There are 2 protein chains.
Amino acid sequence: MSNSDSQPTRSLNITEALREQLLQGEFPPHARLQEIALAERMGVSRTPIRGALSVLARDGLLEYAPNRGYTVRHFSLDDILSAFRVRAVLEGLGCRLLAEQGLADDTEQRLQQALHRGEQLLQEAQLQQGQFDEWRDMNKAFHLAILLATHNDLLVRFAKISRNIPIVFNGSFKWYTLKDFHRSQDHHEVIYSALKNRQPERADFMMQEHILQAAEILRRNYPG
Amino acid sequence: MSNSDSQPTRSLNITEALREQLLQGEFPPHARLQEIALAERMGVSRTPIRGALSVLARDGLLEYAPNRGYTVRHFSLDDILSAFRVRAVLEGLGCRLLAEQGLADDTEQRLQQALHRGEQLLQEAQLQQGQFDEWRDMNKAFHLAILLATHNDLLVRFAKISRNIPIVFNGSFKWYTLKDFHRSQDHHEVIYSALKNRQPERADFMMQEHILQAAEILRRNYPG
DNA sequence: GGCCGGGCACTTGTATACAATCCGCTTTTT
DNA sequence: AAAAAGCGGATTGTATACAAGTGCCCGGCC
């Protein structure tokens, strides 16, 4: 039997559940997360809660003060733009590395699949009606495929963490115009082309441009 | 009274103590870290140990499998070079950002101080006698000053984590020739100059070069 | 009135007891 | 003899009791 991963523990489940809630913005910034309250809410004891809080703080979603507990971190617009800038160079590096080492078959397939799905979505009428869940999934798949193909653990970890920001997490797609979606699709195609033709510089640059444009859209629309 | 940070808890102390031991290579790769054994060794109960292990796993120093506990992560040469490549773009970005926004007075002083100390150390005979503790501190101060000055939390966090690798942590200075030390000092001077003259491109490039050269020295000397 | 200090409620930190899981071994079965 | 099933020691996961720290209110004091 493939027991490569065993039963997930309560602590792990709680961690992911809480993370999801934080990313969906269900807790207001600076709110205290008290262990007993959470334990009752989630139906477990304090022990797994403490584990979850510790991890989420390490991931930057919570702030911690010894003997004083955890609070929901507030992300200013600057914080978010800073994170985008970091993510841009990281994923840019991912593209560069992948263009240097060449595309494996399965990676190429995954990328093509994402491109194809993007085309489809652009032709359907859904995007204008605020149904961008599929677009978000497609986008995620495209970016993740590149990162994973580099086999650079640290890069993957950092890139994932740098996306763990409330509001931003689901993408800022709700603010995208149809033109923005088309441009985004174009970027993906250029990036794919650069990867396939082994053009590290071009792939890196285009990915950075791609991510920084997303940041710009967010900056223009961010409340406050 | 400045109670900005309160009494560090046992968990935090243990975390840092264990981290230090891991970075010094006191545990062999793949070694199991069992909670009870560690608890006795450190003179506390399992609770703070579990907290520490969880954090260190999140920082990539340990591997974790549910119900099976923690093992010391093995870093292959490739893992280490990958980490260097990530660190290079991160600190490169730090330089770029700082060159864009300009040097604050206190940052400039810190950097000048590090440069000055570097000069001194090069003139003394210590470096050839394997006493590079001071060089390591100077180097750390230089790099950290740049990172902190960017005020980009995520960048600082990632850069710190990307240095948390056994063996590499103390720098690969033991393999440096005198020429390498001089070249490193040169790099620092060029980087400082680029920051002061607001040359983002140059600062970024030089920092990447600086870090990748360190990686190259390590690659040439890495055992196995 | 404002400042200092003690006490009290509440929260987090730690130790420990108990439950669940894993892993190696033996035993059983074919 | 090989494979499956199952027992038992050891280790991790969880709950809970207790210790220690924090913040706040209130009362005494200058």
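None of these values were measured; they are calculated from a predicted model. Sequence lines set the chain letters: A, B, ... in the order given, protein chains first and strands last, and positions in each chain run from 1.
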- Query: Could you give the CG-to-P distance, from A:Leu38 to D:dT14, as a whole number of Å?
  - Reply: 16 Å

- Assign A:Tyr70 to base, sugar-phosphate, or nothing according to its heavy-atom contacts below 4.0 angstrom with the strands shown. nothing

- Task: May I have the distance from A:Gln34 (atom CD) to C:dT11 (atom C1'), rounded to whole angstrom?
- Result: 7 Å

- Query: Counting only side-chain N and O atoms of A:Tyr64, is one of them less than 4.0 Å from OP1 or OP2 of C:dG13?
  - Reply: yes

- Under the salt bridge (Lys or Arg N to Asp or Glu O under 4.0 Å) test, residues paired with B:Asp137 that sit two or more places apart: none

- Message: Can you list, in residue-number order, the parts of residues 40-53 of chain A that come under 4.0 Å of DNA chain C, counting heavy atoms only?
- Response: A:Arg46, A:Arg50

- How many Å lie between CG on A:Asn67 and P on C:dC10, as a whole number? 18 Å

- Task: Kindly indicate whether the side chain of A:Ile49, heavy atoms from C-beta on, has any atom under 4.5 Å from the side chain of A:Leu33.
- Result: no

- Item | Distance in angstrom units between A:Arg68 CZ and D:dT22 P, rounded | 7 Å

- Query: Judged by modelled atom types alone, do B:Tyr70 and B:Glu35 share a side-chain donor-acceptor pair under 3.5 Å?
  - Reply: no

- Item | Cation-pi, B:Phe75 ring and B:Arg73 (6.0 angstrom, 45 degrees) | yes

- Message: So which atom in A:Thr107 and which in A:Ala149 form the shortest heavy-atom distance, rounded to 0.1 Å?
- Response: OG1-CB, 3.5 Å

- Query: Nearest of D:dG13, C:dT11, C:dA15 to any side-chain atom of A:Arg32?
  - Reply: C:dT11

- Lys/Arg-Asp/Glu bridge criterion (N-O < 4.0 Å) met for B:Asp106, B:Arg110: yes

- Expressed in angstrom and rounded to an integer, what is the separation of B:Leu12 atom CG from C:dT12 atom P? 15 Å

- Walking DNA chain C from its 5' end, the first of A:Leu33 and A:Arg10 to be reached, judged by nearest nucleotide, is A:Leu33

